[in-house]
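Following: one structure in structure tokens, then a few remarks.
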There are 2 protein chains.
Amino acid sequence: MNNGDYEKMSVFFRTIGNPTRLKILTELLKNERCVGDVENHIGTGQANISQHLAILKRHDIVDCRKEGNMRCYFLKDPLLLKKILDLAAQGN
Amino acid sequence: MNNGDYEKMSVFFRTIGNPTRLKILTELLKNERCVGDVENHIGTGQANISQHLAILKRHDIVDCRKEGNMRCYFLKDPLLLKKILDLAAQGN
DNA sequence: GGACTATATTAGAAAAAAAGAATATATCAT
DNA sequence: ATGATATATTCTTTTTTTCTAATATAGTCC
């Protein structure tokens, strides 16, 4: 692994290393969700959710599609994410 | 998962989500190392390495034992860590 | 077009993380 | 005890992250 690889991997871990984003990811692991859904399941405001989703999207962890008025977010690689979260949960 | 679990898991990911710490962990995955060894393998100063090792230790990812003048650091759960890093590396 | 709903973006403040320099501690060798 | 080596700790500054509030955009319904 070269320097850039470490940088890239560290960005990935930091991206998922936030409680709100982990909650979002856990929701998305169950199902695709639009922003409003996420907001209801998680205790924080709309702007904040939207920001966290933007971060996850920017780092290619989620993607979204328009559906009328709303945007549905989904995991780009749910299996990979599930494996990683399961491992991390085990380590408690 | 309750709130505390998300918090805890996020701390874990943030802890490993730093390029220098990832380098250290990769070294320790190969073998137990004393601080000087780590320092040679990684491009940063003694104090900084020591700080990062302290962070990893505080979060129970590594532990260390004294050996004469030096301290040897090792992973507390090398297998778990290897699995997680391998998965994250795959996701590129 | 205008109001309404869903979501995104921007800006600014506060908190957390990082790095480097300097200093401290502990062990070893003499 | 003294000096040397290995490592840890503290302090300060800079950078990054996070949150909140305010505003903007885009699509829907009338």
Side-chain angles (χ1 to χ4, degrees), chain A residues 3-4 6-28 31-75, chain B residues 3-4 6-28 31-75:
Chain A
N3 261 3
Y6 287 112
E7 185 55 54
K8 217 169 158 184
M9 193 186 263
S10 75
V11 168
F12 170 74
F13 284 126
R14 258 176 295 156
T15 302
I16 67 176
N18 168 283
T20 301
R21 288 195 290 274
L22 277 179
K23 283 182 206 169
I24 293 174
L25 293 173
T26 304
E27 276 307 308
L28 296 185
N31 221 321
E32 181 180 78
R33 296 263 196 248
C34 71
V35 183
D37 293 339
V38 177
E39 206 180 332
N40 291 332
H41 283 275
I42 297 178
T44 180
Q46 179 268 318
N48 198 234
I49 298 279
S50 203
Q51 286 166 346
H52 282 300
L53 283 168
I55 290 170
L56 291 170
K57 185 155 183 287
R58 187 182 319 135
H59 293 106
D60 267 326
I61 293 173
V62 307
D63 203 351
C64 73
R65 63 188 177 75
K66 285 186 187 165
E67 183 160 327
N69 214 0
M70 339 193 236
R71 295 206 182 181
C72 293
Y73 282 82
F74 54 90
L75 298 172
Chain B
N3 261 3
Y6 287 113
E7 186 56 54
K8 218 168 159 186
M9 193 186 264
S10 76
V11 168
F12 169 74
F13 284 127
R14 258 175 295 157
T15 303
I16 67 176
N18 168 283
T20 301
R21 288 195 290 273
L22 277 179
K23 282 181 205 169
I24 293 174
L25 293 172
T26 304
E27 276 308 308
L28 296 185
N31 222 322
E32 182 181 76
R33 298 260 196 251
C34 72
V35 183
D37 293 338
V38 176
E39 206 180 331
N40 291 332
H41 283 276
I42 297 179
T44 179
Q46 181 269 319
N48 198 233
I49 297 279
S50 204
Q51 286 165 347
H52 282 299
L53 283 169
I55 290 169
L56 290 170
K57 185 153 182 290
R58 187 180 320 135
H59 292 106
D60 268 327
I61 293 173
V62 308
D63 202 352
C64 73
R65 62 188 177 74
K66 285 186 187 168
E67 183 160 327
N69 214 359
M70 338 193 238
R71 296 207 182 178
C72 293
Y73 282 82
F74 55 90
L75 298 173

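Quantities reported herein were computed from a predicted structural model and do not represent experimental measurements. Every chain is numbered from 1, with letters handed out A, B, ... down the list of sequences.
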ask   = At under 4.0 Å between heavy atoms, what does B:Gly45 touch on the DNA or RNA strands: base, sugar-phosphate, or nothing?
value = nothing
remark   = Considering only heavy side-chain atoms of A:Ser50, the closest of D:dT17, C:dA8, D:dT5 is C:dA8
task = Send over the distance from A:Ile49 CD1 to C:dT7 P, rounded to a whole Å.
result = 11 Å
message = Quick check for you: among D:dT16, C:dT7, C:dA19, whose closest atom lies nearest to any side-chain atom of B:Thr20?
response = C:dA19
query = Between D:dT20, C:dA18, C:dA19, which nucleotide has the shortest distance from any of its atoms to the side chain of B:His52?
reply = C:dA19
request  = For the side chain of A:Arg71, starting at C-beta, report the closest nucleotide among C:dA8, D:dA8, C:dT27.
outcome  = C:dA8
remark   = Between B:Asn69 and A:Gln51, the residue closer to the 5' end of DNA chain D by nearest nucleotide is B:Asn69
ask   = Is the distance from OP1 or OP2 of D:dT17 to the nearest side-chain N or O of A:Thr15 less than 4.0 Å?
value = no
side-chain contact (heavy atoms from CB on, under 4.5 Å) between A:Arg21 and A:Leu53, intermediate numbers included = CA-CA 8 Å; A:Arg21 288 195 290 274; A:Leu53 283 168; over 6 Å; no
request  = Look at the side chain of B:Gln46 against the base of D:dA8 and say whether a donor-acceptor pair falls under 3.5 Å; ignore hydrogens and angles.
outcome  = yes
inquiry  = With a cut-off of less than 4.0 Å, is there a side-chain N or O of B:Asn18 near OP1 or OP2 of C:dA18?
reply    = yes
ask   = Looking only at heavy atoms, which two atoms of B:Leu22 and A:Ser10 are closest? And how far apart?
value = CD1-N, 3.4 Å
inquiry  = Using side-chain heavy atoms (C-beta onward) and a distance below 4.5 Å, is A:Val62 in contact with A:Phe74?
reply    = no
note = Judged by nearest nucleotide, the residue sitting upstream toward the 5' end of DNA chain C, B:Glu67 or A:Tyr73, is A:Tyr73
ask   = For A:Lys66 and C:dT5, what is the distance between atoms NZ and C1' respectively, to the nearest whole Å?
value = 15 Å
task = Find which nucleotide of DNA chain D each of A:Gly17 and B:Ala54 is nearest to by heavy atoms, and output the residue with the more 5' nucleotide.
result = B:Ala54
